[in-house]
Amino acid sequence: MECEKLAQSKIFQTGTMVKKGSLIQALIEKEDGTLQYLLAKVEHTKWYDGNSLSVNYGFASDKNNIWKSAVFNFYEVNGHILFDKIKVFNDTKSKYWYLSFLQVEEVRDDFSNTLKAYQAIDTELKSTVKSVSPRDYVVLSTEIQNTMNQPQPIEYESYIEDLMDNYQPTNEDIQKDVIKECLLNLPQRKKFDTEFTTVPQSIQNKRTKKFKIAEGVELTIRSDAKEFSSRIISTMADGKRILQIYCDDNETYEAFIEE
């Protein structure tokens with residue numbers, strides 16, 4: 001309560017109020033002997049007693065709105081408590097929950113999660129896709145860029161499953177199930193969270209892909225390009241490699257017409 005009062009005093013002038021809630025605690029002993037301490041702030045509502053008609057405050061059994069929570073994983077050795085992982089969940093950007101109340105510091109924040117996830121996925125796609133089909137790599141990699149460049153909550157497993165299940169490779173040698181399994185294993189291997197909100201600024205220099213066409217000529221594709229894979233096609237003509245680009249912009253089109 002003291003932490004919330006202090007937080008409220010800091011944001012009072014903005015007209016924002018700290019959400020009221022009930023604090024729930026649970027101590028859980030798992031089968032392997034490890035322990036979990038669960039702390040959750042759930043929605044606090046007003047309700048009327050059916051018998052006395054008095055007003056009461058608390059949380060409803062039919063609602064599960066959780067404002068904030070934390071899970072402490074720990075174990076006991078010779079009377080000493082040793083903490084393992086502490087997972088903190090916050091419905092807002094409020095820092096009082098984990099800084100002044102829980103007194104923990106972030107190991108991985110949204111900024112680092114976005115960057116690590118993007119780099120890990122892109123590296124994996126280069127290894128599993130680019131060597132088989134450069135075109136499929138460009139399409140998938142650009143899709144990842146577009147996702148990370150939009151501020152949005154990510155549930156990693158669902159995102160990867162939807163991405164790969166809906167993707168239709170241009171090369172029949174692409175093994176979607178194998179690639180999906182490799183991508184799903186990345187959070188544990190590369191140490192990033194499975195739930196985070198993307199921070200586009202973390203990949204500021206990854207907003208475009210550049211391809212060398214010839215000396216002094218580059219093709220740039222932005223991460224928000226729509227259906228570009230059907231607009232840029234490689235072909236051969238008279239033994240020469242041709243890059244065919246469908247152009248909507250009239251000024252650009254006319255600039256390259258040969259009279």
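Treat the numbers as computed from the prediction; the structure is a model and nothing was measured. The figures here come from the full heavy-atom set of this structure, side chains too, leaving out hydrogens, waters and symmetry mates.
- Although no hydrogens or angles enter the test, the distance criterion places a donor-acceptor pair under 3.5 Å between the side chain of Ser100 and the main chain of Tyr96.
- Residues forming a side chain to side chain contact (heavy atoms under 4.5 Å, CB included) with Thr170 (at least two apart in sequence, or on another chain): Ser133, Arg135, Asp136.
- A salt bridge links Arg189 with Glu124: the closest approach of a Lys/Arg side-chain nitrogen to an acidic carboxylate oxygen falls below 4.0 angstrom.
- Thr123 contributes no side-chain N or O that, together with a main-chain N or O of Ala120, makes up a donor-acceptor pair within less than 3.5 Å.
- Every ring-ring contact (aromatic ring centres under 6.0 Å, His included) that Tyr37 has, sequence neighbours left out, goes to Phe72.
- With Asp110 contributing its side chain and Thr197 its backbone, the two residues share a donor-acceptor pair below 3.5 Å.
- Take Gln175 and apply the side chain to side chain contact (heavy atoms under 4.5 Å, CB included) test, not counting sequence neighbours, and it matches Val178.
- Hydrophobic clustering keeps Val18 apart from Phe89 (ILVMFWY residues linked when any side-chain heavy atoms are closer than 4.5 Å, directly or through intermediates).
- Thr147 places a side-chain N or O within 3.5 Å of a backbone atom of Glu143 that can act as its donor or acceptor partner.
- Applying the side chain to side chain contact (heavy atoms under 4.5 Å, CB included) rule to Glu76 yields the partners Ile81; only residues at least two apart in sequence or on another chain are considered.
- Contact check for Leu102 versus Ile86: no side-chain heavy atoms found under the 4.5 Å cut-off.
- In this structure, the side chains of Asn113 and Tyr156 stay at 4.5 Å or more apart for every pair of heavy atoms.
- Relative ring orientation between Phe83 and Phe74 is described as tilted, the plane-to-plane angle lying within the 30° to 60° band.
- Using a 4.5 Å cut-off on side-chain heavy atoms (C-beta onward), Ile203 and Thr198 make no contact.
- The existence of a salt bridge linking Asp165 and Lys180 is confirmed by a sub-4.0 Å separation between a basic side-chain nitrogen and an acidic carboxylate oxygen.
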For residues 241-249, tabulate all N or O donor-acceptor pairs below 3.5 Å that involve a side-chain atom, not counting sequence neighbours.
unit_1 : atom_1 : unit_2 : atom_2 : d
Gln244 : NE2    : Tyr246 : OH     : 3.0
Asp248 : OD1    : Arg231 : NH1    : 3.4
Asp248 : OD2    : Arg231 : NH1    : 3.1
Asp248 : OD2    : Arg231 : NH2    : 2.8
Asp249 : OD2    : Glu251 : N      : 3.3
Asp249 : OD2    : Thr252 : N      : 2.9
Asp249 : OD2    : Thr252 : OG1    : 2.9

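- A donor-acceptor pair under 3.5 Å is formed between the side chain of Asn166 and the backbone N or O of Asp162.
- No donor-acceptor distance shorter than 3.5 angstrom exists from the side chain of Lys87 to the backbone of Val71, with no hydrogens or angles considered.
- Annotation: ring-ring contact (aromatic ring centres under 6.0 Å, His included) contacts of Phe101 (sequence neighbours excluded): Trp97.
- With hydrophobic clusters built from ILVMFWY side chains whose heavy atoms lie under 4.5 angstrom apart, Tyr75 does not share a cluster with Ile28.
- A donor-acceptor pair under 3.5 Å links the side-chain atoms of Asp32 to the main chain of Thr34, judged by distance alone.
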